[in-house]
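This report refers to the structure that appears directly beneath it.
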Amino acid sequence: MEQLKKKLCFGVIIATRAYFNSELARDVRKQLLATLEKEGYDYVILPEDATPTGSSSIETREDGLKCAELFRKHRDEIDGIIVSLPNFGFEIGIINAISVAELNVPILVQACDDENDKVDLDSRRDAFCGKISVCNNLYQYGIPFTDTTLHTYSIYSPMLTEDLHKFAGVCRVVNGLRHARIGQIGTRPLGFNTCRASEKLLQASGITVVPADLSEILFAAQAIADDDKDLKGKIDAIKAYAKVPENYEEKTPLLAKFALAVERWQQANQCDALAIQCWDSLEQNYGCAACVCMSMLGDKLIPCACETDIAGAVSMLALTLASKEASAIMDWNNNFAEDRNKCVCTHCGNFPSQFVGNKDLKLAPLGVLGRTLGKVRTFGAVNAKVSEGDFTYFRISTDDTLGCIKAYVGEGKVTNDPYGMDGCIAVTEVENLQTLMKYICKNGFEHHVAACRGKVAEILAEAIDSYLGWDLYYHE
């Protein structure tokens, strides 16, 4: 997944007006670039002497065109644009730089505080006012942008670092989804109409579905020789990842061959996430469950959704891009006694170890399918209890009736409440959960939901509202 591997790069615009003190722009340039370097970001910016106002700052249309030309030369590197206003920056230079460059990347607009005892003609900034003017121009040109936490603040404020990290997450989500490739391994199981999705609506947002018949993967797995150079390593990796009961030791080569076949196909087709037909053809015709393969791929930040849930895979990918952490696909599955803000979220056994948050993973047969197909043929599910902590939940759905992609997002907590169920278990707590459930049911969302650890709902909301244009419900 390129957006997670690469070092993010920002095009930087320092805006000014000639009658303001040039030292203000010089100071902002120095501190902003120092912060970017400290936080591990690359940048592209005009040389300090490129414009009459100096400090890389731009004012006129001609300045803007110079900046646009530089940005266009680096279009394959630049993930987002940062506009910084040391003072009331002249909007003409800014709007020409952005509109002519045509990078189609997220834009962050930041402006600096005035100090009450420094508002003489040599010291005043007026960036509070200037930011409104810049944003007005972006709006007029139909160019979406991201605002900072506060309207203005000091370039030395810790808020700058926080806003840069949030903006980086927005850039990863927007750019990652606009070019995402979702591998579809197998068809949707008969009993899961809820997992239908529109490839055409996804493609309109730049998301490509790459299909493969399940038989291709099964034949590829069966063709892997017992002395394959990668097989022993994969067997050892499975045993190190989760405890394998002694009476199922002989099943690990089968699990390993399936995992190798899936990974090789994913790499060959450059897929960022997968949706796999995890039951019940695989168990009947090959003889194991897909869960541990999906769990381990997820731990490598290649999200894998169950039951060929393509929209679920996109949801997982969005969370992974936002958080740079492993994501899981879960069912909103059980009430928790009569606590109406708690819900038991489960799946058969596919949660990544990172998401589980502990190393107590055990392999076992599938609980539900094991009762009908037998335990031996359904071995390979991960049993784990998710550790307590913050989590973000997210779901997209392709609504053919309305002709749109819609989504909901929110945050909650995983609790340490015990719960006696097999598979992967997360006891969750969400404020006003009943309101969320009503929204899900009334608006035709699926029972699957993607989740990651930590709080990234704000990042996803900004990416969707400002750039992707999907219908979004933000649950608070």
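Here, residue 1 is the first one in the sequence, and each next residue gets the next number.
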Residues [X], [Y]: salt bridge by 4.0 Å N-O rule:
| X | Y | value |
| --- | --- | --- |
| R196 | E446 | no |
| E263 | K300 | yes |
| D79 | K6 | yes |
| E462 | K166 | no |
| K257 | D226 | yes |
| D331 | R395 | no |
| K362 | D360 | yes |
| K413 | D390 | yes |
| D230 | R264 | yes |

Kindly indicate whether the side chain of [X], heavy atoms from C-beta on, has any atom under 4.5 Å from the side chain of [Y].
| X | Y | answer |
| --- | --- | --- |
| N193 | R188 | yes |
| K239 | E249 | yes |
| D272 | I302 | no |
| I13 | I82 | no |
| V430 | F391 | yes |
| L138 | I98 | yes |
| T187 | L214 | no |
| L108 | F145 | no |

For residues [X] and [Y], is any side-chain donor paired with an opposing acceptor at under 3.5 Å?
| X | Y | result |
| --- | --- | --- |
| T308 | Q184 | no |
| T148 | D163 | no |
| T146 | Y467 | yes |
| Y156 | T35 | no |
| Y153 | Q110 | no |

Is it true that atom [atom1] of [X] has more than 12 heavy atoms of other residues, nucleotides or ligands lying nearer than 6.0 Å?
| X | atom1 | answer |
| --- | --- | --- |
| E458 | CD | no |
| Q203 | CD | yes |
| R371 | CZ | no |
| K406 | NZ | yes |

Rounded to the nearest 0.5 Å, what separates atom [atom1] in [X] from atom [atom2] in [Y]?
| X | Y | atom1 | atom2 | value |
| --- | --- | --- | --- | --- |
| W265 | C271 | CH2 | SG | 4.0 Å |
| W332 | L433 | CH2 | CG | 6.0 Å |
| Y286 | F258 | OH | CZ | 7.5 Å |
| M294 | C304 | CE | SG | 5.5 Å |
| L317 | L4 | CG | CG | 8.0 Å |
| F351 | I329 | CZ | CD1 | 9.5 Å |

- Query: Given W279 and T378, is the side-chain hydrogen bond (donor to acceptor under 3.5 Å, both in side chains) satisfied, shown in steps?
  - Reply: CA-CA 9 Å; W279 73 351; T378 59; over 6 Å; no

- Message: Among residues at least two apart in sequence or on other chains, which ones pass side-chain contact (heavy atoms from CB on, under 4.5 Å) with P418?
- Response: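 P418 satisfies side-chain contact (heavy atoms from CB on, under 4.5 Å) with no residue once adjacent residues are dropped.
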
- Item | Plane angle bin for Y248 and F379 - parallel if under 30°, tilted between 30 and 60°, otherwise perpendicular | parallel

- Task: Could you check whether the rings of H347 and H448 sit parallel, tilted or perpendicular, using 30° and 60° as the cut-offs?
- Result: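 Judged by the thresholds at 30° and 60°, the geometry between H347 and H448 is perpendicular.
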
- Passes side chain to side chain contact (heavy atoms under 4.5 Å, CB included), E77 versus Y43? Steps please. CA-CA 9 Å; E77 303 163 42; Y43 54 82; over 6 Å; no

Heavy-atom closest contact ([X] atom, [Y] atom, distance):
| X | Y | value |
| --- | --- | --- |
| N416 | K385 | C-NZ, 4.1 Å |
| T392 | V456 | OG1-N, 3.0 Å |
| L366 | A381 | CD2-CB, 3.7 Å |
| L321 | G176 | CD1-CA, 3.9 Å |
| L460 | A318 | CD2-O, 3.7 Å |
| V386 | N358 | C-ND2, 4.5 Å |

- Item | Within the 6.0 Å centroid threshold, strictly below: H165 and Y41 | yes

- Message: Can you confirm whether or not the ring centre of Y473 sits under 6.0 Å from the ring centre of Y439?
- Response: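 So the answer is yes for these two rings.
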
- Message: Set out, in order, the CA-CA distance, both residues' side-chain angles and the distance that settles side-chain hydrogen bond (donor to acceptor under 3.5 Å, both in side chains) for T346 and Y419, then state yes or no.
- Response: CA-CA 11 Å; T346 73; Y419 201 77; over 6 Å; no

- Steps toward side chain to side chain contact (heavy atoms under 4.5 Å, CB included) verdict (M330, Y393): CA-CA 10 Å; M330 316 188 295; Y393 54 87; 5.8 Å; no

- Message: Is there a side chain to side chain contact (heavy atoms under 4.5 Å, CB included) between C171 and F10? Walk through the geometry before answering.
- Response: CA-CA 10 Å; C171 291; F10 300 120; 4.0 Å; yes

- ring-ring contact (aromatic ring centres under 6.0 Å, His included) between Y474 and Y408, intermediate numbers included: CA-CA 6 Å; Y474 194 156; Y408 66 85; over 10 Å; no

- Query: Sub-3.5 Å donor-acceptor pair from the side chain of D399 to the main-chain atoms of L402, do we have one?
  - Reply: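 Side chain of D399 to backbone of L402, a donor-acceptor pair under 3.5 Å: yes, one is there.
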
- For the side chain of N443 and the backbone of F445, is there at least one donor-acceptor N/O pair under 3.5 Å apart? no

